[in-house]
Every structure is written in C-alpha cells, then in structure tokens.
There are 2 protein chains.
Amino acid sequence: MNETPRPMRRNEIRAMNETLILQAAEKVFAEAGFGGATMQLIADLAGLPKANLHYYFATKEELYRRVVQNIFEIWLHAADSMDGAETPAEGIGAYIDAKMDISRRHPEGSKVWASEVMHGAPVIQDYLETTLRDWTAGRAALIQRWIDEGRMAPVDPQHLLYMLWATTQHYADFSHQIETLNGGKPLSETQWNAAKTNVKQIILRGIGVL
Amino acid sequence: MNETPRPMRRNEIRAMNETLILQAAEKVFAEAGFGGATMQLIADLAGLPKANLHYYFATKEELYRRVVQNIFEIWLHAADSMDGAETPAEGIGAYIDAKMDISRRHPEGSKVWASEVMHGAPVIQDYLETTLRDWTAGRAALIQRWIDEGRMAPVDPQHLLYMLWATTQHYADFSHQIETLNGGKPLSETQWNAAKTNVKQIILRGIGVL
DNA sequence: TCTCTTCCTGACCGTATGGTCAGATTGCAG
DNA sequence: CTGCAATCTGACCATACGGTCAGGAAGAGA
C-alpha cells in the first residue's frame, strides 16, 4: 500500500495537470462539441475536481482555445512533409501519408477542428485569415509551379488542396460511420494501409503522376 | 395595412409551422451543434413562442431527430443518380454532381449530419447499421462489377465511396473555411463549377475512366 | 524552522435552459 | 349557433451549468 513516494516539483505538477486537462478536454470537446461539453465531464475524465480546472484555465472558452491551438500546431508541422520533395508524386504522397497518420493517431483533434470550423470558427478565425491563408497560398503556388513545369496535370491547386484535406480528415471525422460500416470494428492495420494506398493511388493518378 | 385575410385550415397550420420549425432548427443545429442550440433560438428564428415548439415537438431530441432524418432522406434520393448509368464515368460523375449540388444548396443539413456522426451518431445509429449499410453494400457491389468487367481501375470500392462523400461534403461542412480562404466571399457560380469540374476530373481520371 | 507563494477543493451562487401547464383562442363538425 | 378538439402562449419550475471564493495543504526559499 505504498504511495508514490517522491514529492512533485512545482513545474512538474503544473505541466502534468495542464496536459491531463488538455487531453481530457480534447476528448470531451470532440465527443460532445463545445456546447455539449461540460467542465464537470472534463474534470472527471482528468481525475481532478472541477474547481481545479478553473485554477489552470480561467474559462471554458480559454480551455477550448488552447485545445484548438494545439491541434493547429500539429497540422502545420505535418505540412512540412510536402516541402523539399523532388517530385509532385513524392510531395503529395508524403503529405497524404502524414495527414492519414494524424487522422489515425489524433482523431479527436481533427473532430474538434472540424466542429470549430463548422460553427463559423468563432475562436480561430484570425488563424484562418493569417497563418492558414499564407500556408495555403504557398502550397498552391508550389503546385502551380509543378503544373507550369508540366510535371503534373493542370488542376486547380486550391481545389486539389481541399480534396487532400477532405479525404484524409474524413477518416478521423467520420471514424464512427466508417467503423459502423466496417461491422462495428475499427479499421485494422491492414485496412488503414489499404485506405492510405487507395487514397494515394486515386489522387496521384488523378493528377497524372502515376 | 391589411392583414392576411384568409383564415388557415388546420392542415395548413400544422404543415406550415412544422416546416417553419424544422427549417429554423436545421440552421441553429448546424451553427451551434446539438448542445449549443437552444429551443429559444430556434423559436426566435421561426418567429414562434418557445412553448409552441414544444406543442409540435415534445423534446429537443425529438426535433433534432426529425431534422437528421430529413437530411438522410435527401441524401438517399440523391444516390439514385448513380443507378441506371451506362458507364462508370456517367454514374460516378452524376453522383458527384448531385452531391456537390446538395452541398451547395443544403449546407446546413450536411453540417448537422457531420456533427451527428462525429458525436457517435447517438440518434441515427440504427440508420447507419441498416439503411446506410445496405445502400453502401449495393453501390460497392456495383463498383466491383465495373472493375471486374475491366471498365475502371481496380480500386477498393468502399474507400472510393468514402472519397466521394468526403470530397463533396467538404464543400458544405467546411464552407466557412473555404469562404475565408476565398477572401471572405462565398464561392461564385463560376467557382462552384470549377470545384465540381476539378473533383470530377481528378477522381474520374484517378479511377481510370477519363 | 519559519514564511511566502503556489496549489488545491468543497461549498456556494446566479443564470440559462428544457420542459410544463392552465387557460385563452380559434378552426371545425353537426 | 354550439360544443368540441386543436392550437396557442405567458408564466412558471426544477435542474444543470459555468464560474467564484474562502480557507486549507504543500512545495520553495531563507
């Protein structure tokens, strides 16, 4: 019956509890939406009293904002996979891989993001208008360059990007529907690979690089 | 300053108010999610007192259920466009057209559906397991037949369907993001056509029928 | 050890929300 | 015209939720 013996440092306590809360919050926000989520539910899942949540995050909005920002960071990092590619097939293929992996390992985050955007992006509108817009413009330019050099079929870069986002994120956002249509079982390792292969195959052939 | 003179029939009253409420509800549920939506907001948008809503729909859940069911019906009808096609290109092309049109004219419905599925389909789980599963199996079989006959590239039918859903619904579910990246303006007629063309082009070429 | 700051939490509060209900109004059948 | 059932609604209620706070526990620095 021995307790954890080592006393915790201030830093550790703060870091640990913030992480605990953010993880619980991400899950609850994903499952219930902002309006449906309650601080009590998040607290229970994090194993902390509700009042403690308000010690670390003043309001529900602030907690939500932090969750959404975290997700955004992750996605931006994944985007790097598209850069420094020798060929369009490599670049876009790697991007699809990266986004499919995120959908698999981070489905809650994707759902929170989708929910946020669907509800009019009340808290991350400025991100959309600055960071995301810049990122999108940059990649669209890259794709346009590839097209101009005749290395892929002439498609609208913007709409190609939408297609990449839509297709990959669908596996996270609609995971429940996919699971149901899969006999109630989550996709297996093999099925995930099949999904990834199919997406890449159709899109890469679709833009004329296969 | 003349009022509408004609007194309304019972049937008309009921039909009209139910429609009014359902339309308002669809919009509010789409914008705020189930948890964030309030009966008061729906009532205000419908121009009726809140108590009147509860006269036609006993509970918030019941109203929500009706909204979701309506959407499901619309989608099922759209699916007919895939049948009776001479070629894969025709069938899938028509299905893309139909779903893109729904995304454009019925974006709220798509959002409500997405939200419902993301939250674990609490009210339409049985539809997923029966109607949708059957529909999906049927179309997957059709696609497989096309593949077996060598009329299109050998792709996984199930994942192709997911791709069609994802790509087309993205234009409804993420309309806010798309609008923001479009300089804050909704897609124009021309841009919608470009979107449709691009989606069809990439996917149809992707499955080897272009 | 003593003091200060951070961390923690049970109890509490104001408000908003889903839902109820009694009673008024109005179309409708006979 | 009359009685009945459908429609309507302001006022009300119980509950759940986000947020507060006073006061206790526990590391940190001297």
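Atoms considered below: every heavy atom in the structure, side chains included; atoms not considered: hydrogens, waters and symmetry mates. Lettering follows sequence order; numbering is per chain, from 1.
In this structure, A:Gln40 atom CD and C:dG10 atom P are separated by 10 Å, rounded to whole Å. What separates CG of B:Asn11 from P of C:dG27 is a distance of 14 Å, to the nearest Å. Across the protein-nucleic acid pair, B:Asn52 atom CG and C:dT20 atom P stand 15 Å apart, rounded to whole Å. Distance B:Leu41 CG to C:dA16 P: 13 Å, rounded to the nearest Å. Following rounding to the nearest Å, B:Glu12 (CD) and D:dA6 (C1') show an atom-to-atom distance of 15 Å. To the nearest angstrom, P of C:dA16 lies 14 Å from CG of B:Asp44. Rounded to whole Å, the distance from OH on A:Tyr56 to P on C:dT6 is 12 Å. In this structure, A:Leu53 places its CG atom 14 Å from C1' of D:dT20, rounding to the nearest Å.
Among the heavy atoms of the strands lying under 4.0 Å from A:Glu61 are primed sugar atoms or P, OP1, OP2 only; no base atom is included. A:Ile13 comes within 4.0 angstrom of sugar-phosphate atoms only, judged by non-hydrogen atoms across all strands, and of no base. Heavy atoms of B:Ala43 sit nowhere under 4.0 angstrom from any nucleic acid atom. Looking at heavy-atom distances under 4.0 Å, A:Phe57 makes no contact with the nucleic acid at all.
No more than 12 heavy atoms of other residues, nucleotides or ligands sit less than 6.0 Å from atom OH of A:Tyr127. Residue B:Lys27 qualifies as open at atom NZ: its count of foreign heavy atoms under 6.0 Å is 12 or below.
Closest approach of A:Ala79 and A:Trp135 over heavy atoms only: CB-NE1, 3.0 Å. A:Met118 approaches B:Ala114 most closely through the heavy-atom pair SD-CB, 3.9 Å. For the residue pair A:Ala30 and A:Lys111, the shortest heavy atom distance occurs at CB-CB, 4.0 Å. The shortest non-hydrogen separation linking A:Leu161 to A:Ala140 is CD1-N, 4.1 Å.
The main-chain N or O of A:Tyr56 is never found under 3.5 Å from a side-chain atom of A:Glu18 such that the two would form a donor-acceptor pair. Within the 3.5 Å criterion, the main-chain N or O of B:Gly33 finds no donor-acceptor partner in the side chain of B:Ser115.
Of the side-chain N and O atoms in B:Tyr55, none sit less than 4.0 angstrom from OP1 or OP2 of C:dT20.
Classification of the A:Phe29-A:Phe34 ring pair by plane angle, with boundaries at 30° and 60°, yields parallel. Aromatic ring orientation, B:Phe72 versus B:Trp113: parallel (interplanar angle below 30°, classes split at 30° and 60°).
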Every protein N/O lying under 3.5 Å from an N/O of nucleotides 1-5 of chain D:
none

Which atom pairs link the protein and nucleotides 12-16 of chain D when you take only N or O atoms and keep those under 3.5 Å?
none

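Of the residues in residues 14-32 of chain A, those lying under 4.0 Å from DNA chain C by heavy-atom distance are A:Arg14, A:Asn17.
The side chain of B:His54 lies closest to C:dG18 when the candidates are D:dG19, C:dG18, C:dT9.
A:His176 and B:Gln125 form a side-chain donor-acceptor contact under 3.5 Å, judged by distance and modelled atom types alone.
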Does the side chain to side chain donor-acceptor pair (under 3.5 Å) test come out yes or no for B:Gln177 and A:Tyr162, once each step is laid out?
CA-CA 10 Å; B:Gln177 179 173 291; A:Tyr162 294 158; over 6 Å; no

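Positionally, the nearest nucleotide of DNA chain C for A:Ala51 lies more toward the 5' end than for the other of B:Met39 and A:Ala51.
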